[in-house]
Amino acid sequence: MTDERFNEEAADLLRKCARLLREQNANPFRVNAYVHAAKTLEELDRDAREILREEGVDGLIRLPAIGSGLAAAIEEIARTGGLSQLERLRGRSSPEELLQSVPGIGPKLAETIHETLHVETLEGLELAAHDGSLAAVPGIGARRAEGIRAGVAALLGRSAASRRPRGEPPDVATLLAVDHEYRSKAQAGELPTIAPRRFNPEGRSWLPILHTERGGWHFTALFSNTARAHQLNRTDDWVVIYFYDDDHHEGQCTVVTETRGALANLRVVRGREAECRHMIAGGPR
């Protein structure tokens, strides 16, 4: 992006997110949040990157209509020239390519991490590095996981001292309810569709996308369009759910049909099987 036009070009990316969210029937609250943040950028009398250099992400958060999640989005634009949220809404995102932006992660390791943990965002990778699940991925171990964690922190522009604590993610009952809503509406043909870039040589618009809200959370759900999902014929089974709070902090999970054990043939949130088992034991879902 040019030095003179960063604010305008960043605002344009945010407005494109708002337009796609509106077209995909997202909550007007989310749509307007992007619109208002874009307006703030356009009205600034200084380059937003100057604020980032001098005050960090907190400087952006102090601006009108820009919460911490949208500040992180603007920081991503400043750092990369693009916005992963926009690419996801367009159906163009590739989790393996995103993971390879971290120093020390090559194509093969990116594929292994994605297949093992179903991580599709840098924030998800950072969380996996902190909760110990990344170190358990074949070929990584504790030392390499720490190096990846440091690399992700650098990319996200965070230090250990400035990292904001994460709140609790949505409970599994809520995530499974979103999964059910998505699959039901997708099967009924009630959802807008996007044309994913990957595994879609004809450029066909086929991938249903859902925006919904429950319990103070905003959700985006769509079938997994990864290499692994295609290899295992799970493109109509694995559902990736992105969740956002009112500050647009993002998290994600994958819901699948379990194939073995006590949860066989039931829908479970990958990585949170114990919670699903406990919920099921307490009563029907």
Side-chain angles (χ1 to χ4, degrees), residues 1 6-22 24-89 93 98 120-127 130 152-153 155-170 174-175 178 211-221 241-253:
M1 291 188 180
F6 173 78
N7 290 0
E8 293 179 20
E9 295 176 10
D12 182 61
L13 291 179
L14 295 180
R15 289 188 192 280
K16 287 177 179 176
C17 277
R19 185 168 60 252
L20 285 172
L21 286 167
R22 185 181 296 112
Q24 296 169 6
N25 302 322
N27 187 308
F29 171 87
R30 286 189 65 197
V31 174
N32 291 333
Y34 282 92
V35 171
H36 294 156
K39 187 173 186 291
T40 294
L41 284 177
E42 290 173 335
E43 294 177 349
L44 277 180
D45 57 3
R46 59 191 295 208
D47 192 310
R49 291 172 298 184
E50 182 182 337
I51 298 175
L52 281 169
R53 286 192 296 269
E54 296 179 0
E55 305 174 45
V57 172
D58 285 341
L60 294 180
I61 295 172
R62 285 190 283 269
L63 296 174
I66 296 181
S68 51
L70 285 168
I74 296 168
E75 189 277 333
E76 180 188 354
I77 296 170
R79 174 167 42 84
T80 69
L83 184 58
S84 56
Q85 165 76 339
L86 177 60
E87 294 306 299
R88 185 179 308 126
L89 293 171
S93 61
L98 178 63
E120 301 199 2
T121 65
L122 292 181
E123 289 80 4
L125 181 62
E126 182 187 41
L127 182 60
H130 279 279
V152 174
L155 285 174
L156 293 176
R158 298 170 180 170
S159 67
S162 65
R163 182 177 293 108
R164 298 177 185 279
R166 294 181 179 272
E168 290 296 320
T174 299
L175 293 170
V178 172
H211 298 288
T212 188
E213 58 277 344
R214 291 170 184 266
W217 291 93
H218 307 275
F219 297 93
T220 298
I241 299 176
Y242 300 92
F243 45 88
Y244 315 83
D245 61 18
D246 285 345
D247 284 326
H248 298 270
H249 290 122
E250 177 183 301
Q252 56 94 206
C253 67

Side chain proximity check, Leu44 to Leu63, heavy atoms < 4.5 angstrom: yes
Compare every heavy atom of Ile51 with every heavy atom of Leu60, then report the nearest pair and how far apart it is. N-CG2, 3.9 Å
Rounded to the nearest 0.5 angstrom, the CD1-CD1 distance for Ile66 and Ile74 is 3.5 Å
Mind checking whether Leu175 and Cys253 have side chains closer than 4.5 Å, heavy atoms only? yes
Which pair of non-hydrogen atoms, one from Asp47 and one from Phe6, has the smallest distance, and what is that distance? OD1-CD2, 3.6 Å
Measure from NZ or CZ of Arg88 to the centre of the six-membered ring of Tyr242 and say whether it is under 6.0 Å with the direction within 45° of the ring axis. yes
The residue among Gln252, His211, Arg30 that forms side-chain contact (heavy atoms from CB on, under 4.5 Å) with Tyr244 is Arg30
Got a sec, which residues hit salt bridge (Lys or Arg N to Asp or Glu O under 4.0 Å) with Glu55, two or more places apart in sequence or on another chain? Arg46, Arg62
Can you tell me how far apart NZ (Lys16) and CG (Leu13) are? Round to the nearest 0.5 Å. 6.0 Å
Validation row: Thr174, Phe219 side chains within 4.5 angstrom (heavy atoms): yes
Heavy-atom side-chain proximity of Leu83 to Leu14 below 4.5 angstrom: yes
For the backbone of Glu8 and the side chain of Asp12, can you confirm whether one donor and one acceptor N or O come within less than 3.5 Å of each other? no
What residues form a salt bridge (Lys or Arg N to Asp or Glu O under 4.0 Å) with Arg22, not counting sequence neighbours? none
What are the two closest heavy atoms between Leu89 and Cys17, and how far apart are they? CD1-O, 3.9 Å
Check this for me, if you would: do Glu54 and Arg49 make a salt bridge, where the nitrogen-to-carboxylate-oxygen distance has to be below 4.0 angstrom? no
Side chains of Glu213 and Phe29, heavy atoms from C-beta outward: is any pair under 4.5 Å? no
Looking at Pro64, is its backbone amide N or carbonyl O close enough to the side chain of Thr40 to form a donor-acceptor pair, meaning the two atoms are under 3.5 Å apart? yes
To the closest 0.5 Å, what do you measure between CZ (Arg15) and NZ (Lys39)? 8.5 Å
Which atoms form the tightest heavy-atom contact between Ala37 and Leu70, and what is the distance? CB-CD1, 3.9 Å
Heavy-atom closest contact (Glu76 atom, Ser84 atom, distance): OE2-N, 2.8 Å
Nearest heavy-atom contact between Asn7 and Ala48 is OD1-N, 2.9 Å
